[in-house]
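Structure first, then comments.
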Amino acid sequence: MMRGLIVGDLELRLSEADVEEEWKTAFHSDPSEKEKCYINVAYPYPSGAMHVGHGRTYIVPDVIARFWRMRGRQVLYPMAFHVTGSPVIGISKRIARGDAKTLSLYRDLYKVPSDVIDRFSDPLAIVDHFSNEYQRVMSRLGLSIDWRRRFTTILPQYSKFIEWQYSHLNGQGRVVRGEHPVKYCPQCDNPVGDHDLLEGDKAEIVRFIFVNFEMDGYIIPCATLRPETIYGVTNLWVNPDVRYVKADVDGIAWLLSREAAEKLALQKHTVAITGEVDGSELIGRTVSHPLCGSVRILPAGFVDPDMGSGIVMSVPAHAPFDYIALLDLQKKGEYTDIEPVSLIKVDGYGEIPAKEAVIRHGIVDQHDPKMDEVTQEVYSAEFSRGKLLARCREHEGKPVRVAREDVGAVMEAEYGSIWFYDFDQQPVICRCGSRAYVRILDDQWFLTYSDLEWKQQVHDQIEKIALVPPEVRAEFDRTVDWLKDWACTRRVGLGTRVPWDPKWLFEPLSDSTVYMAYYTIAHRISGIPAESLTPEVFDYIFLGRGNPVNVDRTTLDALRSEFLYWYPYNYRFSAKDLISNHLTFQLFHHRAIFPDELQPKGMVVFGMGLLDGAKMSSSKGNVFLLEDAAEEFGADTVRMFLVGSAEPWQDFDWRNELVSSVRKQIERFIGYIAESGGVTGTTDVDAWLSSRLQRRIAKMTESLELFQTRQALQEAYFGIESDLKWYRRRLPAGSPGGAVLGEVSDAWVRLLAPVIPFTCESLWREMGHDGLVSFAEWPAPDQTRINPEIELAEELIVRTIEDIESIIKIIQVTPGQLTILLAPEWKYEVFRRVAAAEDKRSVTKELMKDDSMRKRGKEAANTISQVIKLIHSLPPQLVEDISSLAPDEYEIFTHAVTFIEKEFSVKVKVLHAEASGHAKAGMALPFKPAIVIE
RNA sequence: GCGUGAGUAGCCGAGCGGGUCAAAGGCGCAGGAUUUAGGGUCCUGUCUCGUAGGGGUUCGCAGGUUCAAAUCCUGCCUCACGCACCA
């Protein structure tokens with residue numbers, strides 16, 4: 001009796017534990033005679049518990065790994081933990097501080113015991129705890145990982161590996177020093193990433209230019225994105241209620257808002273405040289700029305000292321805000337001599353676009369909520385279609401987008417303009433609660449992804465690499481084009497120090513680019529002291545170069561040979577959000593470090609995970625923990641759902657009701673296998689079932705080769721199940737079936753083993769096999785068992801039964817007798833000739849040229865048109881089979897009479913239509929007999 | 001806003017080098033069967049009309065190409081992912 005037949009919760013879990021124990025070391029993978037298959041996944045950052053979304057990321061590669069292992073490959077599926085970076089440092093601080101939200105996340109959602117949480121004030125305790133959890137849960141889910149190779153990215157040996165990589169990149173001139181604006185918290189004295197922000201995580205850093213006016217020996221800067229509009233400036237705006245400061249900026253006397261002066265100090269300028277001045281004192285004064293001459297300063301309450309320099313240049317012809325503000329003053333009879341000065345011609349507008357737009361939208365004053373929209377409208381019209389007018393001198397006729405660059409460059413070179421960075425929205429608040437600013441870091445290290453030659457090499461690589469799905473190729477190419485230099489170092493966090501500048505650490509994405517190579521030797525190198533692992537050692541292992549002496553040669557040769565066995569990797573798996581950074585970075589780095597023959601071979605990109613239709617997100621609490629899922633449904637159910645509900649590259653949606661039905665499917669599968677045990681003998685439908693099985697095997701194999709896990713499961717689960725259902729329906733009453741069922745079970749258990757390995761492992765054992773199904777031979781379709789005639793005959797019966805059912809349903813009578821009238825041979829001839837005809841429209845004429853057809857007259861013409869219609873409604877393969885195999889319908893139906901009689905509980909007669917003399921006889925067509933129900 | 005991709009029946013999803021598509025499969029729902037103890041299993045139906053296996057209208061919206069379009073082209077709308085120093 002088979003154990004596990006009745007799948008109680010407890011029993012299921014017990015058997016999972018048994019199998020897990022057996023697998024403990026089964027997937028340790030060493031170089032062998034066999035062809036290798038090396039797959040890997042982006043390693044996790046263990047700062048929290050795994051949810052079902054993570055589950056799929058690691059289960060899909062596992063299914064693929066198991067598949068190729070059964071196909072006889074030496075498969076390597078390794079795993080490590082990425083602990084580089086700063087998030088856990090923030091987490092540990094928040095936990096130490098007793099932050100309620102963080103504590104609740106870890107205690108309630110991740111279910112970390114309180115004594116463990118107590119240790120979380122140490123960031124290393126967090127990653128330690130969760131990497132062990134990850135391993136435990138991954139094992140529980142049956143991932144066939146070689147755990148000997150596990151490492152973390154702050155292991156001293158790994159750091160040495162990073163140093164080696166960067167010594168090459170640096171030597172190639174690919175690491176350069178540069179300056180870079182970042183979001184920065186003065187309180188924390190550190191750059192802040194978007195996830196470090198309490199508010200303003202969508203804020204972007206915008207680069208303004210200061211247009212420097214002059215007044216009494218002071219520079220009066222105005223921040224703008226549109227330097228070309230200098231030719232249309234009619235005045236400046238100053239807020240009379242704001243106290244401005246005089247400041248010494250890089251040795252020159254400036255006048256600007258206090259906020260602006262402080263911001264400048266963070267942007268590589270020396271700023272010393274020397275005095276203050278009321279905005280009101282500035283009103284009415286005259287300033288000048290070489291490109292627009294002298295203009296006056298006017299009062300404006302809307303000027304924000306925290307925006308730009310706190311002083312604004314006014315271009316009323318093209319800026320609706322300026323226009324309406326000027327108008328407001330003039331309504332009071334002030335400054336009536338100022339006229340808007342037009343400098344841009346744009347189709348769809350007259351001389352003063354700002355004025356027209358304001359009038360068109362019925363704006364009455366500056367406080368109208370539509371002002372932003374109007375401004376946007378004018379700006380984008382001018383930017384996309386505008387051309388500069390004659391008053392812009394040498395820039396006349398230039399499109400706005402060009403003139404903007406040109407005028408800016410001239411101002412910077414000749415008129416003392418500098419760049420000024422600020423956020424496009426406020427406020428931007430650090431998690432510590434204080435305000436964040438833009439700061440320019442000037443000793444930052446960059447990877448030169450902007451290098452055109454390097455980009456080209458990566459483009460060439462992308463052309464050669466296998467990408468799943470292929471549509472992502474365009475996105476990779478775009479990313480390569482779009483990448484600029486990447487700031488690859490940080491001041492804080494865990495990680496490897498920059499060897500030549502130890503105050504910096506390599507940033508997390510930058511230390512995770514070629515670690516797939518490290519897996520190949522991770523278990524062998526962990527015993528070697530880090531001090532011995534000089535760059536020369538890695539050169540020897542990975543590049544076969546040099547003559548290192550601090551590690552003995554036998555060891556080195558072993559490492560080198562293992563690396564060469566596995567590398568290059570065959571497939572890397574990752575979610576699609578990493579295309580624009582990690583997945584592309586690793587191509588860059590492989591290209592820079594490794595020779596042609598060791599470049600990546602392929603990548604598989606995953607879709608995202610949803611939970612009940614909403615995006616999964618730990619921070620929002622919208623997650624379902626993987627372990628809870630395994631507990632509730634069983635590991636195999638979780639696996640089958642995650643790989644079967646959508647193809648890997650599609651988004652999937654975890655819904656408990658759907659998962660439950662997957663569980664029933666597995667139970668049904670176990671039931672089928674159990675019932676087929678020990679069945680002997682043969683039946684009439686065995687050959688059919690066997691033939692179908694071969695096709696299912698071929699289809700599933702093909703699908704898995706293409707990573708189509710969902711398609712594979714459709715064939716291997718639902719396909720085989722539906723064949724079995726039909727098979728059983730076809731059996732004579734009381735028959736348990738034939739020995740073919742054993743053949744099906746044997747193949748079926750192996751086909752599903754990659755997806756539901758726990759179940760299949762125990763079934764395999766119950767079936768009396770030695771060894772693990774995980775290493776059993778993958779079924780191969782047996783061509784000799786494929787029998788198209790039998791499948792065609794069965795198809796005819798299926799279709800006829802469907803016809804009978806639908807007729808019965810419509811006429812709603814209880815049939816007393818059923819007669820099947822078969823089409824005569826000449827109609828088959830028509831069928832074959834129509835099927836073979838290129839042009840179905842002229843085939844009637846063609847056929848009617850025949851004497852044999854003509855003498856049948858109208859009947860022949862009708863038949864031809866019915867056959868044309870019939871052929872259009874049948875699958876092409878079927879049409880071909882009907883033509884070429886010429887099924888003997890009489891033989892087929894007389895054999896199936898008992899079955900049809902059983903189906904409809906009615907007497908069945910099978911007759912040749914033309915001999916029957918029946919009124920419906922004319923309806924009979926090839927493969928579609930006429931049916932008479934009385 | 002920019003880049004990449006997607007929009008198919010109650011839901012999820014096949015199909016997308018044009019005819020074979022009223023459109024696979026699953027889920028859900030409905031009816032029936034079953035010596036069915038419990039949500040199990042099997043069969044049937046599930047856009048619409050129809051007392052003979054058929055007809056009609058559908059595949060984000062609006063146009064276009066074609067004898068023929070879910071499938072090709074154009075425009076629009078909506079959604080997802082990415083837009084950088086961050087895992």
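These numbers come from the heavy atoms of this one structure, side chains and all, not from hydrogens, waters or symmetry mates. So you know, we letter chains A, B, ... as the sequences are listed, proteins then strands, and number each from 1.
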| remark: Which of B:U4, B:G82, B:G53 is nearest the side chain of A:D577? It is B:G82

| said: Can you identify which nucleotide, out of B:A87, B:G82, B:G53, has its nearest atom closest to the A:A930 side chain? | reply: B:G53

Using a heavy-atom cut-off of under 4.0 Å over every strand shown, decide if [X] touches base, sugar-phosphate, or nothing.
X      : answer
A:P46  : nothing
A:V472 : nothing
A:S47  : nothing
A:N581 : base

Looking at residues at least two apart in the chain, or sitting in another chain, which of them share a side chain to side chain contact (heavy atoms under 4.5 Å, CB included) with [X]?
X      : result
A:L105 : A:L109, A:Y110
A:D443 : A:R177, A:R491, A:K503, A:W504
A:Y45  : A:S47, A:P87, A:V88
A:T819 : A:Q817, A:L821, A:K909, A:L911, A:V932, A:E934

| Which residues pass the salt bridge (Lys or Arg N to Asp or Glu O under 4.0 Å) test with A:E880, sequence neighbours left out? | none

| Which ones in residues 476-487 of chain A lie close to RNA chain B, meaning a heavy atom under 4.0 Å from one of its atoms? | A:R478, A:W482, A:L483, A:K484, A:W486, A:A487

| Excluding sequence neighbours, so at least two apart, what forms ring-ring contact (aromatic ring centres under 6.0 Å, His included) with A:F476? | none

| Excluding sequence neighbours, so at least two apart, what forms ring-ring contact (aromatic ring centres under 6.0 Å, His included) with A:W454? | A:Y449, A:F588

| remark: Heavy-atom closest pair (A:M616 atom, A:G53 atom, distance to 0.1 Å) is SD-N, 3.7 Å

Distances for protein N/O vs nucleotides 70-73 of chain B N/O pairs under 3.5 angstrom?
none

| request: With sequence neighbours left out, write down each residue that passes side-chain hydrogen bond (donor to acceptor under 3.5 Å, both in side chains) with A:Q714, or none if nothing qualifies. | output: none

Please list, for nucleotides 20-24 of chain B, all pairs of protein and nucleotide N/O atoms separated by less than 3.5 Å.
from	atom 1	to	atom 2	distance (Å)
B:U20	O4'	A:H872	O	2.7
B:U20	O2	A:L874	O	2.9
B:U20	O2	A:P876	N	2.8

| If the sugar-phosphate is the primed atoms plus P, OP1 and OP2 and the base is the rest, what is the B/S/- string for nucleotides 28-48 of chain B, using protein heavy atoms under 4.0 Å? | ------------SSSSS----

| message | Are A:W486 and A:F446 an aromatic pair, judged by ring center distance below 6.0 Å? | response | no

| message | Distance to the ring centre below 6.0 angstrom and angle to the axis at most 45 degrees; does that hold for A:R799 and A:F927? | response | no

